[in-house]
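In this chain, residues are counted from 1 in sequence order. Any value given below was found using the heavy atoms of this structure, including those in side chains, with hydrogens, waters and symmetry copies removed. Counting convention: from 1, in listed order, for ligands and their atoms alike.
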Amino acid sequence: MTEGCGAISRRDVLKTSAAGAALAGSIGPGGVALARAEASAPPRAAVRMKVNGRQVSVDLDTRTTLLDALREHLKLTGTKKGCDHGQCGACTVIVDGRRINSCLTLAVMHEGDEVTTIEGLGTPEKLHPMQAAFVEHDGYQCGYCTPGQICSAVAVLEEIRAGIPSHVTGDIAEGPAMTVTEMRERMSGNICRCGAYSNIAEAMAQVAGVKGDAA
Ligand code: FES
Ligand code: FES
């Protein structure tokens with residue numbers, strides 16, 4: 001290795017190594033660990049959303065799901081965590097008018113969005129019509145799936161009214177009819193271990209004004 005002006009000399013390498021060793025020795029093992037931890041800290045972001053009509057801003061690890069942001073950071077524990085994998089529907093909330101599984105989406109993806117959880121649909125004193133119908137028709141037993149079922153049910157009726165087709169829509173050009181078959185198909189992503197499905201269908205049919213046997 002030469003000692004020229006552009007090239008790195010062996011003496012330079014030795015000097016740098018010695019300086020590095022001295023620095024590490026002066027920082028100590030704890031300091032090195034801290035520096036490493038800081039370098040690998042996940043990025044954070046302030047996320048602003050309108051939740052149940054209230055403007056909120058939360059500082060989050062960018063990997064936080066919307067479900068965890070609602071439950072752990074905003075303390076809105078009405079929304080439930082079932083599978084945390086998009087398979088049970090317990091975490092369903094309404095975002096900008098459409099239902100989504102909040103365990104499958106990151107909170108940072110909802111900057112500026114309007115989120116409605118079960119707490120925002122009604123109050124114990126003034127229930128949302130769907131909440132009242134669930135009570136009237138015994139649409140739950142343990143109640144764990146119920147917040148997701150109710151949020152989903154509310155959004156399902158809006159989907160049908162908006163003409164969004166489903167797998168059982170006969171004529172897509174004509175659009176879906178408000179039928180129990182349409183409702184049941186669209187609710188198939190909301191699992192109820194207690195098996196309150198017939199009662200849920202009855203509650204939805206009542207709110208939708210659909211006559212006939214929902215069972
Ligand atoms: Fe989100 Fe099960 S907790 S779908
Ligand atoms: Fe118990 Fe649905 S009411 S899981």
- List the closest protein heavy-atom neighbour of atom 3 (S) of ligand 2: residue, atom name, distance to the nearest 0.1 Å. Gln141 N, 3.1 Å
- Flag for Thr105-His110: side-chain donor and acceptor within less than 3.5 Å: yes
- Do you know which two heavy atoms are closest between Glu111 and Val47, and how far apart they sit? OE1-CA, 3.5 Å
- Query: Quick check: does Cys88 have an N/O/S atom under 2.8 Å of atom 1 (Fe) of ligand 1?
  - Reply: no
- Just jot down the ligand 1 atoms closer than 4.0 angstrom to any heavy atom of Cys103, in number order. 1 (Fe), 3 (S), 4 (S)
- Message: Counting backbone and side-chain atoms alike, is an N, O or S atom of Cys83 positioned under 2.8 Å from atom 2 (Fe) of ligand 1?
- Response: yes
- Would you check if the side chain of Gln141 reaches a backbone N or O of Cys194 as a donor-acceptor pair within less than 3.5 Å? yes
- Item | Asp96 side chain vs Glu114 backbone, donor-acceptor pair below 3.5 Å | yes
- If you stand at atom 1 (Fe) of ligand 2 and look out to SG of Cys194 and SG of Cys142, what angle do those two lines make, to 10°? 100°
- Give a yes or no on whether the backbone of Arg48 and the side-chain of Ser57 come within a donor-acceptor separation of less than 3.5 Å. no
- Query: Has Gly143 got any heavy atom lying under 4.0 angstrom from an atom of ligand 2?
  - Reply: yes
- Using a strict cut-off of 4.0 Å, indicate which atoms of ligand 2 neighbour a heavy atom of Cys145. 2 (Fe), 3 (S), 4 (S)
- Message: Would you say Val210 ends up clustered with Ile150 if hydrophobic residues are merged whenever their side chains have heavy atoms under 4.5 Å apart, either directly or through other cluster members?
- Response: yes
- Any atoms of ligand 2 less than 4.0 Å from a non-hydrogen atom of Arg193? List them with their elements. 4 (S)
- Message: Only heavy atoms of Asp84, strictly under 4.0 Å: list the atoms of ligand 1 that pass.
- Response: 2 (Fe), 3 (S)
- Is it true that the side chains of Thr117 and Asn52 contain a donor and an acceptor less than 3.5 Å apart? yes
- Query: Is there an N/O/S atom in Cys91 at a distance below 2.8 Å from atom 2 (Fe) of ligand 1?
  - Reply: no
- Query: At a 4.0 Å threshold, what atoms of ligand 1 neighbour a non-hydrogen atom of Gly86?
  - Reply: 4 (S)
- Query: Do the charged groups of Arg44 and Asp61 touch, with an N to O distance under 4.0 Å?
  - Reply: no
